[in-house]
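Some notes on the structure that comes next.
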There are 2 protein chains.
Amino acid sequence: MTIKEIAKLAQVSSAAVSRYMNGGYVSEEKKERIRAVIEETGYRPSVQARTLRTKRACLVGVIVPKINSESISRITEGIGQVLSERAYQMLLTITDNDPSKELEYMDLFESYPVDGIILVGTVLSGAHKEKLKKCRVPIVVIGQQTNEVSCIYHDDYGAAKELAEQIGKEMSGRIAYIGVTRADKAAGAAREDGFRDGLRAVGRELEEGCLRRASFTMESGYEQACDLLRLESDIDIISCATDTIAAGVIEAIAQLSPQRSIQVTGFGDNQFLKAVTGGIRTVHFGYQTSGVKGARLLLDMVESGKTLTTEIKLGYELL
Amino acid sequence: MTIKEIAKLAQVSSAAVSRYMNGGYVSEEKKERIRAVIEETGYRPSVQARTLRTKRACLVGVIVPKINSESISRITEGIGQVLSERAYQMLLTITDNDPSKELEYMDLFESYPVDGIILVGTVLSGAHKEKLKKCRVPIVVIGQQTNEVSCIYHDDYGAAKELAEQIGKEMSGRIAYIGVTRADKAAGAAREDGFRDGLRAVGRELEEGCLRRASFTMESGYEQACDLLRLESDIDIISCATDTIAAGVIEAIAQLSPQRSIQVTGFGDNQFLKAVTGGIRTVHFGYQTSGVKGARLLLDMVESGKTLTTEIKLGYELL
DNA sequence: CTGTTAGCGCTTTCAC
DNA sequence: GTGAAAGCGCTAACAG
């Protein structure tokens, strides 16, 4: 069913139908004829064809590392909210934490083309920066600081530092830290450095043997904790770079050292974890806010055509 | 940057460039010239334009009720796997558990148009069935049984029944059930009916005062459990329609009746919950499998052009 | 092998 | 107000 057929059935020109659909000048009687035909046929104009003609797809591509994550879902929620308010659609792709897929999807989106791209960033390699710079579609990165394009990120360093200071002051036992790859500047390097510096600030030190790195899964947190507990059986606190890792650590403790009370801390304020455990010490970031702000930033760039690089750092709250 | 400009720069026709891009006949020297120009300009052909011409978008629309859910993410994982294997893209939309948005997104996808739609179903109203029947794009429904189009669902009734039989036989205390809206035939009606029938099968009965209905959130599970515990303080087992609800229930119990040991059961085999609690009694469904099978079914329909309505019921495993 | 040409379905001047 | 016509960027015959 095309606009031509509708035009023929309604005995008007295709231009009239197009105007009807887009709120242009059409006489009342023709309007009525067109309306009737459309109703009857269930005609829907092709978004593709319109896009080709108008150059505005009203589409933004969103790239996320994984989907089953409270932080990510909050971010996408925030994005989705703004997009639907402003009548845009979201094309969501998942990289399964594979940074090379991020590049692939950026390529794909660029050639789609979408009006803009939001990258919920993990590891920003040289190739990434290159691509970010060269991309002809506006991009906003969420979750990582970067100079190439506009970005919105959280104060990972500050949060980790304050958390470590608190822990260092309040508790006396041995402290371990399970981080993630330092290639991830935010969740990896910044949190780890912040944590270490926070301990130092209160006169303590993170022992080398008490540092582990996990991937972003519960299973990995479980494994690292098992390893840690086996080698350093007198650990009293295990701080984790994410709540997901913390969940795996809690499991490991329950299995390996159920008699000792080992404290676990996380990052992300996962509601599920809070409900089931009664709430561990964690850091709340405004994930939804970063989604909202990121989407607004992007859409403003898209609609104005101007690409003024902006950088927003969001605060945190210790829980 | 269009194919024409590339053609001009490489001093060939646009058809040659098109052939080059799609693996048609091009002489070696022209190939080289084209390659060089493309490399230089960073040209990417427009997916939109190609789609308009070829009528194959290689795109499937996926509609899910929410994103932060282990079951949903498993399903989308399965879908994504098959799609990328077969070089399709996924357009993902989230309804926030609002069935009217499902209709809206189906409309949107239909007019996109995408090659096919996968609906991870919740409540299938009359309007839904109407739309499913009339939709000119192949559709597969996952998670609900329906006669209008192909569907893949789980044996919710059977699982709930067996679960209830086990509980009824093994445990002697008072049993409560927190379900979800019966409008959701699978997670609502089927699980509830199965549970009730299972108890009956072993000579027990679900008391009316011990039945509650929550929405699909932890918070709602928490509230219902609070209400339940306040009114019926001698409950020994609370069975829940989903693991997410179970998490809220666990929180409520910890707060209201920490001294009593109340058993909680769920549905969905949530890994997070398993890690943190050590594993409650729950039901494992092959969510990823349903995603894989659903996507395969859809793509086969898309590629063959035949819409043979198929119905697949997947089993379960009690944990 | 290669270029010319005719559209895909839609919007948008531009005359009438 | 309205229709004819010219494309958007691409592919697929069809002649060479």
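Throughout, protein chains are lettered first and strands after them, A, B, ... in sequence-line order, and every chain is numbered starting at 1. FYI, side chains are in, hydrogens and waters are out, and symmetry mates aren't considered; it's all heavy atoms of this structure.
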Shortest side-chain distance from B:T54, nucleotide among D:dT11, C:dC1, C:dG9: D:dT11

Interatomic distance, B:L52 CG vs D:dT11 C1' [rounded to whole Å]: 10 Å

First of A:R53 and B:R44 reached from the 5' end of DNA chain D, by closest nucleotide: A:R53

Atom-to-atom span, CD1 of B:I3 to P of D:dA12 - whole angstrom: 11 Å

Polar side-chain atom of B:R33 near backbone of B:A10 as donor-acceptor pair, under 3.5 Å: yes

Estimated bend of the helix from C:dC1-D:dG16 to C:dC16-D:dG1 (axis per five terminal pairs, rounded to 10 degrees): 40°

Short side-chain donor-acceptor distance under 3.5 Å, B:T41 and B:E5: no

Residue pair B:E311 / B:Y153, side-chain donor-acceptor N/O under 3.5 Å: yes

Side-chain H-bond candidate by donor/acceptor type, B:N147 with B:Q145, under 3.5 Å: yes

Value in whole Å for how far the C1' atom of D:dG7 lies from NZ of A:K4: 13 Å

Separation of atom CD in A:Q48 from atom P in C:dT11, rounded to whole Å: 13 Å

Proximity to the side chain of B:K55 - top-ranked nucleotide from D:dG9, C:dT12, C:dC8: C:dC8

Residues which pass salt bridge (Lys or Arg N to Asp or Glu O under 4.0 Å) with B:E29, listed by chain and number, not counting sequence neighbours: none

Under 4.0 angstrom between B:Y112 side-chain N/O and C:dG9 OP1 or OP2: no

Backbone of B:L59 reached by a side-chain donor or acceptor of B:D115 within 3.5 Å: yes

Nucleic acid contacts of residues 9-23 of chain B, taken as heavy-atom distances under 4.0 Å to DNA chain D: B:A15, B:S18, B:R19, B:N22

Nearest listed nucleotide, side chain of A:Y25, among C:dG9, C:dT11, D:dT2: D:dT2

For atom NZ of B:K30 and atom P of C:dC1, their distance in whole Å: 12 Å

Distance, rounded to the nearest Å, where B:I6 contributes CD1 and C:dG3 contributes P: 15 Å

Integer-rounded Å distance: D:dC8 P and A:R56 CZ: 19 Å

5′-ward residue of the pair B:E28/B:A49 relative to DNA chain C: B:E28

Intermediate values then yes/no, side chain to side chain contact (heavy atoms under 4.5 Å, CB included), B:V82 and B:Y88: CA-CA 8 Å; B:V82 175; B:Y88 278 73; over 6 Å; no

Short side-chain donor-acceptor distance under 3.5 Å, A:T146 and A:E148: yes

Check: B:A57 main-chain N/O paired with B:T51 side-chain donor or acceptor under 3.5 Å: no

Gap between atoms CD1 and P, on A:I38 and C:dC10 respectively (whole Å): 10 Å

